[in-house]
J.: 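Pasting a structure below so you can have a look.
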Amino acid sequence: MVDNNGGYYNRKIDEAIDRIVKDNSGVSTSLPSKQKKEEKKNFTISKIWSEETKKLYFELLTKANAEQERLKSVVEKKKQYEQSRNGLFIINARYGSFEKGKRLLIDTTIPVQFLVNSNASTLFISKETDKNTLPGFANLRSMLSESIDHLELKIIYRFEGSLGMKSFKENEEVVLP
């Protein structure tokens, strides 16, 4: 039985996302489900990071979370509208490095849904746009080192009742559906 809040589907989506971000050793990089939902956004803190790097990462996350908080009311309306017409609904979006052992991720679900054009149920980000400069994203480039090769945006979405997942490199055009 499914509750009215979609709890069943939310659990299934959380399980799918957890599987996506597991490394090959089977160790999950997400925080335990008992912790607050906001804390779950802070995916990975590499064991090899210095205290200064960890501090910078949390500063970036704090800034991004503040920007996302400002977008939340508009995004909630967009989500309801998109769901009501079976349009483009962003289930989950993550931005950063997905490289095994060098993960550097931020939850960008809210800002990506904010960028959805509700008139056409589409998402478009030009290849000239630095994704790390978008509202609610973090400037992860400031943390890049030789050990992290590239940044990606991975999006799990629903459109016209079907689930989809796409990945986009930093310098790649983003087009959904």
J.: Looking at every non-hydrogen atom in both residues, tell me the closest pair between Pro111 and Pro135 and how far apart they are.
T.: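 In this case the closest contact between Pro111 and Pro135 is CB-O, 3.0 Å.
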
J.: Assess the residue pair Glu52 and Lys55 against the criterion (salt bridge (charged side-chain N to carboxylate O under 4.0 Å, His left out)); give the C-alpha distance rounded to whole Å, side-chain angles, the decisive distance to 0.1 Å, and a yes or no.
T.: CA-CA 5 Å; Glu52 184 178 316; Lys55 183 179 176 186; over 6 Å; no

J.: Would you name the heavy atoms of Leu123 and Leu88 that are closest together and state the gap between them?
T.: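 So the minimum-distance heavy-atom pair works out to N-CD2, 3.7 Å.
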
J.: So, taking the atom named CG in Asp107 and the one named CG in Asn92, what distance separates them when rounded to the nearest 0.5 Å?
T.: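 Those atoms lie 6.0 Å apart.
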
J.: Which pair of heavy atoms, one from Arg158 and one from Leu163, lies closest together, and at what distance?
T.: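 Answer, listing the atom of Arg158 first, then Leu163: NH2-CD2, 3.4 Å.
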
J.: Got a second to check how far Asn139's CG is from Asp130's CG, nearest 0.5 Å?
T.: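 Atom-to-atom, Asn139:CG and Asp130:CG are 8.5 Å apart.
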
J.: Rounded at 0.5 Å granularity, tell me how far CG in Leu105 sits from CG in Leu151.
T.: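 Answer rounded to 0.5 Å: 9.5 Å.
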
J.: Does the side chain of Phe168 come within less than 4.5 Å of Glu152's, by heavy atoms?
T.: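 The answer is no, as the side chains (C-beta and beyond) never meet within the 4.5 Å cut-off.
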
J.: Are the side chains of Val75 and Thr109 in contact, using a 4.5 Å heavy-atom criterion?
T.: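 With C-beta onward as the side chain, the pair stays apart.
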
J.: Can you confirm whether Lys131 sits close enough to Val174 that some side-chain heavy atom of one is under 4.5 Å from a side-chain heavy atom of the other?
T.: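 Touching, per the 4.5 Å side-chain cut-off.
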
J.: Please confirm whether the backbone N or O of Ile125 pairs with a side-chain atom of Thr129, one donor and one acceptor, at under 3.5 Å?
T.: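 A pair under 3.5 Å: no.
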
J.: By the ring-ring contact (aromatic ring centres under 6.0 Å, His included) test, which pairs, at least two apart or in different chains, include something from residues 77-96?
T.: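 Listed once each, the pairs are Tyr95-Phe137.
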
J.: Would you please name every residue forming a side-chain hydrogen bond (donor to acceptor under 3.5 Å, both in side chains) with Glu173, sequence neighbours left out?
T.: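 Partners of Glu173 by the side-chain hydrogen bond (donor to acceptor under 3.5 Å, both in side chains) criterion come out as none, since no residue qualifies.
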
J.: From Thr122 OG1 over to Leu115 CG, what is the distance, rounded to the nearest 0.5 angstrom?
T.: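 Between Thr122 OG1 and Leu115 CG, I get 11.0 Å after rounding to 0.5 Å.
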
J.: Distance only, no hydrogens: is a donor on one side chain within 3.5 Å (strictly under) of an acceptor on the other, for Thr108 and Arg94?
T.: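 Checked: Thr108/Arg94 side chains show no N/O donor-acceptor pair below 3.5 Å.
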
J.: I need the minimum non-hydrogen distance between Val112 and Ala93, along with the two atoms involved.
T.: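 Looks like CG2-CB, 3.8 Å.
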
J.: Can you find a heavy atom in the side chain of Ile91 that is under 4.5 Å from one in the side chain of Tyr157?
T.: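 No, every pair of side-chain atoms sits at 4.5 Å or beyond.
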
J.: Would you say Leu153 and Ile155 make side-chain contact, with heavy atoms under 4.5 Å?
T.: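 Sidechains of Ile155 and Leu153: in contact.
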
J.: Is the closest side-chain donor-acceptor distance between Glu82 and Ser118 under 3.5 Å?
T.: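 Checked: Glu82/Ser118 side chains pair up, N/O donor to acceptor below 3.5 Å.
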
J.: Find out whether Lys77 and Val74 are in side-chain contact, i.e. whether some heavy atom of one side chain is under 4.5 Å from a heavy atom of the other.
T.: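 Counting from C-beta outward, Lys77 and Val74 never come under 4.5 Å.
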
J.: Quick one: CD on Glu59 to NZ on Lys54, what's the gap to the nearest 0.5 Å?
T.: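 With rounding to 0.5 Å, CD (Glu59) is 14.5 Å from NZ (Lys54).
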
J.: Identify the two heavy atoms, one from Gly161 and one from Asn86, that lie closest to each other, and give their separation to 0.1 Å.
T.: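 So the minimum-distance heavy-atom pair works out to N-OD1, 3.3 Å.
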
J.: Shortest non-hydrogen contact from Ser121 to Arg85?
T.: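 It is OG-NH2, 3.0 Å.
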
J.: For residues Phe159 and Leu176, determine if any side-chain heavy atom of one lies less than 4.5 Å from a side-chain heavy atom of the other.
T.: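 A side-chain contact is absent here, since even the closest heavy-atom pair is not under 4.5 Å.
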
J.: What distance do Gln68 atom CD and Gln113 atom CD have between them, rounded to the nearest 0.5 Å?
T.: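 Rounded to the nearest 0.5 Å, the CD-CD separation comes to 12.5 Å.
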
J.: Might you work through the side chain to side chain contact (heavy atoms under 4.5 Å, CB included) test for Lys166 and Lys154, ending with a clear yes or no?
T.: CA-CA 6 Å; Lys166 286 193 178 179; Lys154 290 191 179 189; over 6 Å; no

J.: Centre of Phe114's six-membered ring, under 6.0 Å away, within 45 degrees of the axis: is that where NZ or CZ of Lys78 sits?
T.: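 Satisfied, under 6.0 Å and within 45°.
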
J.: Is there side-chain contact between Lys127 and Glu172, with at least one heavy-atom pair below 4.5 Å?
T.: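 No. Closest side-chain heavy atoms not under 4.5 Å.
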
